[in-house]
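Sequential numbering from 1 along the given sequence is applied to the chain's residues.
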Amino acid sequence: MTMGALHEGHATLIRTARERAGAGGEVVVTVFVNPLQFGAGEDLDRYPRTLDADVAIAAREGADVVFAPSVGEVYPGGEPEVRIAAGPMGERLEGGSRPGHFDGMLTVVAKLLHLTRPHLALYGQKDAQQLALIRRMVRDLNFGVEIGAVPTVREPDGLALSSRNRYLSPAERSTALALSRALFAGRDRHAAQEALRARAVSAPRSQQRAQALTALGEARAAADAHALAEAAPGGPAAVRAAADAALEEAARFTPPLALDYLALVDPADFTEIGEEFRGEAVLAVAARVGSTRLIDNLPLTFGGP
């Protein structure tokens with residue numbers, strides 16, 4: 001499912017679908033700019049609509065059908081009286097910044113799943129909260145479809161691909177790189193902490209342990225090894241701090257980055273994780289550069305295998 005203005009991220013979804021469907025399967029791409037998920041003052045009217053180019057990309061990447069209904073076809077009686085409610089998870093982060101957005105998104109996803117009847121529906125991980133809510137809807141309401149995730153596609157400089165990137169001026173695009181830089185800073189801090197924790201846990205708990213670490217030129221690690229072995233893995237607070245430092249710097253750029261939120265959450269319900277957390281998490285960020293609002297995220301795993 002797409003809202004059109006297809007880019008390489010969408011193309012990756014289509015190629016993945018083609019591979020999963022195989023030679024005997026069928027791949028359908030939907031193109032529909034859903035008015036229910038745009039709030040007052042958002043960019044519904046100026047959202048890019050490039051259907052001819054979208055059809056060409058879909059054909060090139062192996063789609064069999066592009067289903068591009070009008071608003072009147074999807075909502076023949078006007079805005080629907082009955083809608084899907086996203087619940088508490090839909091009120092957090094993106095839902096808090098865009099009230100009603102996820103109710104509108106789930107309503108159209110439900111309709112398009114019913115209209116196209118796929119066995120498998122693929123979504124990008126860049127919209128992590130959207131993906132989590134779709135999975136929850138499919139599970140809670142017993143939809144007969146498998147939901148698959150495809151990793152975020154990025155520009156060579158790290159910027160996550162988005163149809164809204166075309167709104168950015170060159171200066172704004174430079175500032176927007178702070179989103180991915182912040183996520184990468186958090187990821188790198190996390191990786192370093194996890195590596196140090198694993199080394200501390202595997203080292204012997206004795207004087208030989210400290211001597212072995214010191215021999216590697218890690219006197220500080222030797223001194224802290226016992227504490228690290230007992231500590232909560234990964235250090236969510238340190239991950240947040242590393243990402244936040246990059247965002248604070250970008251707030252002083254010209255033009256500046258206006259942060260909406262930085263969050264480190266459990267993908268099961270999008271609540272913030274604590275220092276004792278172990279398992280999969282999502283480091284997510286949303287910010288505005290000029291008049292364009294952008295989101296990005298990275299998955300992290302705390303605690304190792």
Side-chain angles (χ1 to χ4, degrees), residues 1-4 9-10 13 30-44 47 69 71 74-118 120-152 160 162-164 259-273 277 279-288 293-299:
M1 293 181 189
T2 81
M3 291 208 301
H10 298 109
L13 283 168
T30 65
V31 175
F32 181 66
V33 181
N34 177 36
L36 294 191
Q37 65 194 71
F38 288 79
E42 293 189 338
D43 58 349
L44 173 61
Y47 195 87
V71 173
V74 176
Y75 304 120
E79 291 195 5
E81 293 291 329
V82 177
R83 308 187 188 196
I84 301 292
M89 183 162 54
E91 298 171 358
R92 300 177 184 128
L93 299 187
E94 283 298 290
S97 298
R98 306 176 66 189
H101 165 72
F102 285 125
D103 291 357
M105 179 275 295
L106 289 179
T107 298
V108 81
V109 167
K111 288 179 70 71
L112 290 172
L113 287 175
H114 290 320
L115 289 167
T116 58
R117 306 291 178 92
L120 167 69
L122 294 172
Y123 301 88
Q125 289 182 338
K126 188 179 84 69
D127 296 298
Q129 192 172 3
Q130 169 180 282
L131 173 62
L133 281 162
I134 292 170
R135 283 177 161 158
R136 189 64 186 243
M137 176 183 73
V138 164
R139 187 183 73 182
D140 287 356
L141 300 183
N142 301 103
F143 280 57
V145 60
E146 177 189 352
I147 301 300
V150 176
T152 301
S162 169
S163 299
R164 290 184 169 92
L259 181 65
D260 187 347
Y261 62 76
L262 172 70
L264 186 54
V265 298
D266 183 341
D269 58 10
F270 270 70
T271 57
E272 289 280 351
I273 65 172
F277 182 85
E280 294 182 359
V282 173
L283 181 62
V285 63
R288 191 173 294 276
R293 188 174 183 276
L294 300 170
I295 62 173
D296 201 353
N297 72 85
L298 279 179

Enquirer: Kindly compute the distance separating CD1 (Ile295) from CG (Asp260), expressed to the nearest 0.5 Å.
Expert: 10.5 Å
Enquirer: So Tyr47 and Arg164, do their side chains get closer than 4.5 Å, heavy atoms only?
Expert: yes
Enquirer: Between Asp269 and Arg136, is there a salt bridge with N-O shorter than 4.0 Å?
Expert: no
Enquirer: Would the distance check show the side chain of Glu42 and the main-chain N or O of Gly39 forming a donor-acceptor pair, the cut-off being under 3.5 Å?
Expert: yes
Enquirer: So, the side chain of Asn297 versus the backbone of Val282: is there a donor-acceptor pair under 3.5 Å, distance only?
Expert: no
Enquirer: Check whether any side-chain heavy atom of Glu79 sits under 4.5 Å from a side-chain heavy atom of Pro35, and report yes or no.
Expert: no
Enquirer: Does Arg92 reach the main-chain N or O of Gln129 with its side chain, forming a donor-acceptor pair under 3.5 Å?
Expert: no
Enquirer: Around atom CZ of Arg83, are there more than 12 heavy atoms from other residues, nucleotides or ligands closer than 6.0 Å?
Expert: yes
Enquirer: Can you give me the closest heavy-atom contact between Met89 and Ala268, atom names plus distance?
Expert: SD-O, 3.7 Å
Enquirer: Which residue, Val109, Asp103, Leu141, Val108, forms the side-chain contact (heavy atoms from CB on, under 4.5 Å) with Ile84?
Expert: Leu141
Enquirer: Do you know which two heavy atoms are closest between Pro267 and Ala132, and how far apart they sit?
Expert: O-CB, 3.7 Å
Enquirer: Could you pull out the closest heavy-atom pair between Leu93 and Ala263, with the gap in Å?
Expert: CD2-CB, 3.8 Å
Enquirer: To the nearest 0.5 Å, how far apart are CG in Leu115 and OG1 in Thr30?
Expert: 9.5 Å
Enquirer: Ignoring hydrogens and geometry, is there a side-chain-to-backbone donor-acceptor pair from Glu146 to Ala121 under 3.5 Å?
Expert: no
Enquirer: When rounded to the nearest 0.5 angstrom, what distance separates CZ in Phe270 from CD in Glu94?
Expert: 9.5 Å
Enquirer: Rounded to the nearest 0.5 Å, how far does CG of Leu131 lie from OH of Tyr123?
Expert: 9.0 Å
Enquirer: Run Met1 and Leu113 through side chain to side chain contact (heavy atoms under 4.5 Å, CB included) and show every step you take.
Expert: CA-CA 9 Å; Met1 293 181 189; Leu113 287 175; 3.5 Å; yes
Enquirer: Please determine whether side chain to side chain contact (heavy atoms under 4.5 Å, CB included) holds for the pair Val33 and Val71, giving the CA-CA distance in whole Å, both sets of side-chain angles, and the decisive distance to 0.1 Å.
Expert: CA-CA 8 Å; Val33 181; Val71 173; over 6 Å; no
Enquirer: If we ignore hydrogens and angles and just use 3.5 Å, is the side chain of Asn34 paired with the main-chain N or O of Gly104 as donor and acceptor?
Expert: yes
Enquirer: Has the side chain of Lys126 got a donor or acceptor atom that lies under 3.5 Å from a matching backbone atom of Ala160?
Expert: no
Enquirer: For the OG atom of Ser162 and the CG atom of Asp127, what is their distance to the nearest 0.5 Å?
Expert: 8.0 Å
Enquirer: His101 side chain to Gly95 main-chain N or O, any donor-acceptor pair under 3.5 Å?
Expert: no
Enquirer: Parallel under 30°, tilted from 30 to 60°, perpendicular over 60°: which one fits the rings of Phe143 and His114?
Expert: parallel
Enquirer: Considering all heavy atoms of both residues, which atom of Ser163 and which atom of His10 are nearest to each other, and what is their separation?
Expert: OG-CE1, 3.7 Å
Enquirer: Might you point out which heavy atoms bring Pro69 and Val74 nearest each other, and give the distance in Å?
Expert: CG-CG2, 3.5 Å
Enquirer: Heavy atoms, side chains only, cut-off 4.5 Å: are Leu298 and Thr152 in contact?
Expert: no
Enquirer: What distance separates Met3 CE from Met105 CE, expressed to the nearest 0.5 Å?
Expert: 11.0 Å
Enquirer: Quick one: does any side-chain atom of Glu272 pair with a main-chain N or O of Leu264 as donor and acceptor, under 3.5 Å?
Expert: yes
Enquirer: Report the residue from Val82, Leu112, Leu36 that forms a side-chain contact (heavy atoms from CB on, under 4.5 Å) with Thr107.
Expert: Leu36
